[in-house]
There are 2 protein chains.
Amino acid sequence: METKTDNELVTEKHFPEDLSAYALTKCPVTLTNLIIGGKWKPIIIHNVSLGINRFGELQRAMPGVSKKMLTQELRDLEHNGILNRKIFAEIPPRVEYSLTDWGRATLPILKSMAMWGLDYAKNLGIEN
Amino acid sequence: METKTDNELVTEKHFPEDLSAYALTKCPVTLTNLIIGGKWKPIIIHNVSLGINRFGELQRAMPGVSKKMLTQELRDLEHNGILNRKIFAEIPPRVEYSLTDWGRATLPILKSMAMWGLDYAKNLGIEN
DNA sequence: CAGTATCCACAATGATACTG
DNA sequence: CAGTATCATTGTGGATACTG
């Protein structure tokens, strides 16, 4: 499984909470869905890629999201290696999120989804 | 199409059941997620694109899916213009699904998701 | 500011039985 | 074969209150 470096002890790998759907099917698209799918994760990734990287900013940029969901999704993304979370020891507290390399590598997916969705919306006549 | 009452004229387009998440955000990625996202829809699309196009075949090709979910997801995809459903008047009954143009246009998305997922799985050491 | 914690409504899904 | 129908169960997410 993992560690090669002798000075770094890898006791816990950052596994997604539940990979059973992937374990069952071995479908890589299912895995991708588990990691960056759902209602909010793609939007978080997109916003962070734009530099919207603080909790409050994200909440304001995402109409309809609750604190609970935002926290939860941010934690998932962090634990699955998509986001970095940097805590500044200040008062008031400050936290900044940024994309990891894995996170940046998802941007082309979001891009192609956005293009398809835009076309589809135009076709439905609901793009605005 | 179903008319509920004889005095009610059904003029509705094939809108997704619930686009409220998109209506709220106007985010095209959200729209794409609503139409082809979730646990089963991408897998259905992929299988149909491979020529696995009958109900029973799909069920066998998708470990863990129930009849109910498969039916439901197939209907969603059909109503949203991703799949065609062709019924043959035979005994035993036969139904064949195929991709519409909109459905085929989602394949690049699935492709990029599959590539990312494959890399990610390899990185985790769980690709097999 | 950036979160936790708790309770709970209801949506999503599973199991099972039945059908043209 | 390709589904429906119904009930049971699980899970997801919202509201609210509280905290370092």
Side-chain angles (χ1 to χ4, degrees), chain A residues 16-22 24-25 30 33-44 47-48 51-79 83-98, chain B residues 2 4 16-22 24-25 30 33-44 47-48 51-79 83-98:
Chain A
E17 335 60 55
D18 178 16
L19 286 187
S20 55
Y22 172 70
L24 190 61
T25 60
T30 297
N33 254 324
L34 290 172
I35 305 299
I36 63 159
K39 188 171 177 179
W40 299 115
K41 291 192 176 75
I43 305 182
I44 293 173
N47 280 322
V48 172
I52 302 174
N53 56 3
R54 298 187 56 183
F55 188 90
E57 286 181 342
L58 286 166
Q59 197 174 14
R60 263 173 271 114
M62 297 166 59
V65 76
S66 65
K67 278 188 170 197
K68 182 180 167 182
M69 286 312 297
L70 185 52
T71 302
Q72 185 176 297
E73 303 290 79
L74 285 169
R75 290 299 171 278
D76 284 350
L77 290 169
E78 182 194 357
H79 293 149
L83 291 184
N84 297 125
R85 181 163 177 262
K86 183 169 184 185
I87 307 167
F88 295 83
E90 302 174 0
I91 294 192
R94 181 162 140 243
V95 173
E96 284 186 6
Y97 295 93
S98 59
Chain B
E2 64 282 353
K4 299 201 163 186
E17 330 62 53
D18 178 17
L19 287 188
S20 55
Y22 172 70
L24 191 61
T25 61
T30 298
N33 254 324
L34 290 172
I35 306 298
I36 63 159
K39 188 170 176 179
W40 299 116
K41 289 190 176 78
I43 306 181
I44 292 173
N47 281 322
V48 172
I52 301 174
N53 56 2
R54 300 186 56 182
F55 189 91
E57 285 181 342
L58 286 167
Q59 197 173 14
R60 263 173 270 115
M62 297 166 58
V65 77
S66 67
K67 278 187 171 201
K68 183 179 168 184
M69 286 312 297
L70 185 53
T71 301
Q72 186 177 297
E73 303 290 80
L74 285 169
R75 290 299 171 278
D76 284 350
L77 290 169
E78 182 194 357
H79 294 148
L83 291 184
N84 297 124
R85 181 163 177 262
K86 183 169 186 186
I87 307 167
F88 295 83
E90 302 175 1
I91 295 192
R94 183 162 140 243
V95 173
E96 284 186 6
Y97 295 92
S98 59

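Everything numeric here is computed off the predicted structure, so don't read it as measured data. Numbered from 1 within each chain, the chains take letters A, B, ... in sequence-line order.
- B:Asn53 contributes no side-chain N or O that, together with a main-chain N or O of B:Val48, makes up a donor-acceptor pair within less than 3.5 Å.
- The closest side-chain heavy-atom distance from A:Leu74 to A:Phe55 is below 4.5 Å.
- Checked against C:dC1, D:dT4, C:dG3, the side chain of A:Pro92 finds its nearest nucleotide in C:dC1.
- Comparing atom distances between the B:Phe55 side chain and each of D:dG3, C:dC1, D:dC1 picks out D:dG3 as nearest.
- The closest donor-acceptor contact from the side chain of A:Asn33 to the backbone of B:Gly38 lies under 3.5 Å.
- The interatomic distance linking B:Leu34 (CG) with C:dA12 (P) rounds to 11 Å, in whole Å.
- Residue A:Phe88 is out of contact with every strand shown, counting any heavy-atom pair closer than 4.0 Å.
- A straight line from CZ of B:Arg60 to P of D:dG3 spans 13 Å, rounded to a whole angstrom.
- Listed nucleotides C:dG3, D:dT4, D:dG13 differ in distance to A:Thr71; the shortest reach to its side chain belongs to C:dG3.
- Counting to the nearest Å, the P atom of C:dC1 and the CD atom of A:Gln59 are 10 Å from each other.
- Between its two ends, the helix from C:dC1-D:dG20 to C:dG20-D:dC1 turns its axis by 60°, counting five pairs per end and rounding to 10 degrees.
- Nearest-nucleotide mapping onto DNA chain C: of B:Met69 and A:Gly56, the residue sitting toward the 5' end is A:Gly56.
- You'll find that the side chain of B:Lys68 is closest to D:dC7, out of D:dG3, C:dC1, D:dC7.
- Side-chain proximity of B:Pro93 to D:dC1, D:dG20, D:dT4: nearest is D:dC1.
- Minimum atom distance to the side chain of A:Arg75 is reached by C:dT4, of the listed D:dG3, C:dT4, C:dC1.
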